[in-house]
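Each remark here refers to the structure printed beneath this line.
Computed from a predicted structure; not experimentally measured. Each chain gets a letter, A, B and so on, in the order the sequences are listed, and its residues count up from 1.
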Number of protein chains: 4
Amino acid sequence: MSSINILEAIVAKSKLSKKETAKQQKIVESAIALFAEKGYSNTSTSEIAKKSGVAEGTIFRHYGTKENLLLSVIAPFLKESMPDLAKDLREEVNPDNNTRFEDFIESLIRNRLNFLKANREIFRVVIKELLYRDELRYDLFPHIGKEMSAFIGNAINDYKARGELADIPNDQLIRMILSTIGSQFVVRFVLSPETNADNEEREIESLVRFIVYGVSARD
Amino acid sequence: MSSINILEAIVAKSKLSKKETAKQQKIVESAIALFAEKGYSNTSTSEIAKKSGVAEGTIFRHYGTKENLLLSVIAPFLKESMPDLAKDLREEVNPDNNTRFEDFIESLIRNRLNFLKANREIFRVVIKELLYRDELRYDLFPHIGKEMSAFIGNAINDYKARGELADIPNDQLIRMILSTIGSQFVVRFVLSPETNADNEEREIESLVRFIVYGVSARD
Amino acid sequence: MSSINILEAIVAKSKLSKKETAKQQKIVESAIALFAEKGYSNTSTSEIAKKSGVAEGTIFRHYGTKENLLLSVIAPFLKESMPDLAKDLREEVNPDNNTRFEDFIESLIRNRLNFLKANREIFRVVIKELLYRDELRYDLFPHIGKEMSAFIGNAINDYKARGELADIPNDQLIRMILSTIGSQFVVRFVLSPETNADNEEREIESLVRFIVYGVSARD
Amino acid sequence: MSSINILEAIVAKSKLSKKETAKQQKIVESAIALFAEKGYSNTSTSEIAKKSGVAEGTIFRHYGTKENLLLSVIAPFLKESMPDLAKDLREEVNPDNNTRFEDFIESLIRNRLNFLKANREIFRVVIKELLYRDELRYDLFPHIGKEMSAFIGNAINDYKARGELADIPNDQLIRMILSTIGSQFVVRFVLSPETNADNEEREIESLVRFIVYGVSARD
DNA sequence: GATGAATGAGTTTTCATTCAT
DNA sequence: AATGAATGAAAACTCATTCAT
């Protein structure tokens, strides 16, 4: 079964099931924190139990397996991140205006940045697991790619028509943009998670500039 | 282990080691393959032993602990990656000859690409472990940054003087360039390791173009 | 639990119990099905609860312990099997007639066969548990033996007087007959429970013949 | 995979592997005793470990799983019991010499009885597990049936020719004989394992008589 | 009466590490 | 040097039972 399907199943199930117990919330919370910090396989269920102030059995009563707990943590993040993106972006970014491509990119970055600021721990978990779970990777990347294409494809065509963008196939453009933004997020949230963000504004600006113009001097 | 120590310890260790026996080579080889695929904590010493055709005790006789085996695997890679870079680059890349910055970047990419092609498995191990070992990260990135600064600082200054580069502080420039290249390498070697490289040339070209000019249309 | 007590306790228990609620019936029904298939210790109370459409707590509210649920399942079977036998047999089999011993045995077999057909699941439970519960065994067999002796003792004496039966002590005769019949029932209901009974008549006939005349040729 | 195949695999493997350790022997010994008494699922590996004077890990190092330990216990019994039977019987029972069918049956009984006396504990384990493992049952009974047919088929034909046996199809005859003998063995070794065998001779005699002539009076 | 969340003791299993040979 | 049997601590997981609602 494809991984995205599993995630959907979990989200569906968790929507069906009555509201979470206080203990369940504590469990998920602790699991996220520990998985984020030490990674899934370096975290034991007994640690999670202790941190949650819960008996170990309780974890298994609710989630069945440790693996399933992980998915229950990841699933909502993955499934809800995409719709959120589309909706939010449409509100925040209006490519029809006489905004420039830079503005468009900046909005995109700010939108995702805010999303990740609100979900930084889960993001760390996901990134770490990405390295070990082929299905996750193989499902996720194409999925994201498609969602983004659907969303920014039109915008890109507009900007291309205006002559603002290089004549590069859309999917290549998207991949470059996303991987550049993505890698900055990974650096910021996963590799140096304790960095304080004094100069966030400057970094956004500089990232936008880099994506749009590269490192070359603009005359 | 203190922050400063890990790289030094690694280098020290690799200097100590007398020449490896055939069994040791098999062990290291198997460990690399398994760590690369499943990660350090998801690999058991018994798996390594089996894959090496060696008794489990033998591993511990040589490396004392599993942790230590990991270091023995990583050490040469890290130790040699830096000097190699400097030396190789100096030979291959001659900023004076290559008139344009694009050529410089391309040489840099090709050099590192070749290095990683020859060490792809270890690269995967290192990247995966990077996420779990703060010391590794905290030592490694500044270290690489410094090495690179020392090396390409002059070149950058030259190209800046020629007006080819944007007026951005060197360390920022370096970070952008390296993280963009690095993330491509991670995608290529770690996230999609089975990708065949039919269009390698085109990808290099496109990466160079992106780094230098971004996604914008040029004049 | 002492040897004498278990059967008595069971009978006592089943007398105490007020009439069962619908839920209780579902519970007992599910428990029987599951115990019959997988055995007592391989069946969890949560399985029973799920199959019954009842909360796990409900089981314990009614039966206190899992063990007690088992007894509640077994009790009526054991309690009723004996009197039923005696009563039914007296009606169905009339040894006073000029029936031959074969007819007597056949009636006995048919009677018990019908009883077990109506209680096949519980029979499977009892047989399986018999192997693990010494008290059950130590109480049950002598009990059955005594009941049967009381019942067919007279008949046997009659047939002996008529010269139809070998000169073997009654208890030995009874043991042979019962264990032969019993083992056929175990084969039929426990070891091959999915066998369809097309040739039931022929099997009864052949069993009767074997009990009475063995495998030898009758001149 | 069919159960007999699994057993064969295990026997094959255990023949390949070097001789058993002293600890391994202790483990198997303790496992047999405990499985025989309390059954497989009511016996914990920690009990086995304690009784063997061995660390719990040792059990799993050698047998991998508890299930596999069970099979390692059962396998030799099942696989070797059949050949032994054939070989022993051919030596002990010579249908040509023993004039009467009774003698043949008696030899058969004595042979199997001796075999089970030497393996009474394992027999108890096997019988108990038979109830819970369909594959075991479905493989074993036909297997035994075939082996026995092959072996005593000729003898039966001889005795039939001599007019000593009823005109019943061989497979039915075999089934009756074997199930009668088998059920006596189950009673003796499994259901009343602590019975002392003072009157063994008399019981054999009586069993033979019953199989051959049933309960009827012989004029 | 019924529920189902919670428990915690116990079970199977894994695994890095030790050590006698 | 090499082996591999043995260990024991810790891991994931199960489950009968309790109890507040």
- Message: Heavy-atom nearest nucleotide on DNA chain F for Val54(D) versus Glu56(B): which residue maps closer to 5'?
- Response: Glu56(B)
- Note on the structure: Whichever of Gly53(B) and Gly53(D) has the more 5' nearest nucleotide on DNA chain F, that residue is Gly53(B)
- Message: I'd like to know if the side chain of Tyr40(B) and the backbone of Glu67(B) have a donor-acceptor N/O pair within less than 3.5 Å.
- Response: yes
How many whole angstroms separate atom [atom1] of [X] from atom [atom2] of [N]?
{"X": "Ile27(C)", "N": "dG1(E)", "atom1": "CD1", "atom2": "P", "result": "11 Å"}
{"X": "Phe60(D)", "N": "dA10(F)", "atom1": "CZ", "atom2": "C1'", "result": "14 Å"}
{"X": "Ile59(A)", "N": "dA6(E)", "atom1": "CD1", "atom2": "C1'", "result": "12 Å"}
{"X": "His62(A)", "N": "dC15(F)", "atom1": "NE2", "atom2": "C1'", "result": "15 Å"}
{"X": "Glu47(A)", "N": "dC13(F)", "atom1": "CD", "atom2": "P", "result": "15 Å"}
{"X": "Arg61(D)", "N": "dT12(E)", "atom1": "CZ", "atom2": "C1'", "result": "17 Å"}
{"X": "Tyr63(A)", "N": "dA6(E)", "atom1": "OH", "atom2": "P", "result": "10 Å"}
{"X": "Lys23(C)", "N": "dG4(E)", "atom1": "NZ", "atom2": "P", "result": "9 Å"}

- Task: Nearest-nucleotide wise, let me know which of Ala22(A) and Thr65(B) is further upstream toward the 5' end of DNA chain E.
- Result: Ala22(A)
- Take Gly57(A) and Ser41(D), find for each the nucleotide of DNA chain E with the closest heavy atom, and name the residue whose nucleotide sits nearer the 5' end. Gly57(A)
Between [X] and [N], does any side-chain N or O lie under 4.0 Å from OP1 or OP2?
{"X": "Ser46(A)", "N": "dA11(F)", "result": "yes"}
{"X": "Lys66(A)", "N": "dA12(F)", "result": "yes"}
{"X": "Thr45(D)", "N": "dT11(E)", "result": "no"}
{"X": "Thr58(B)", "N": "dT3(F)", "result": "yes"}

- Task: Assign Ser52(D) to base, sugar-phosphate, or nothing according to its heavy-atom contacts below 4.0 angstrom with the strands shown.
- Result: nothing
- Item | Arg124(D)/Glu121(D) ion pair, N-O < 4.0 Å | yes
- May I ask you to say whether Glu29(B) pairs ionically with Lys51(B), meaning some side-chain N is under 4.0 Å from a carboxylate O? no
- Message: Looking only at side-chain N and O atoms, does Thr45(D) offer a donor or acceptor that is under 3.5 Å from a partner on Glu56(D)?
- Response: yes
- Query: Should the heavy atoms of other residues, nucleotides or ligands under 6.0 Å from CD of Glu47(D) be counted, would the total exceed 12?
  - Reply: yes
- For dA6(E), the Watson-Crick or wobble partner whose two distances fall under 3.5 Å: dT17(F)
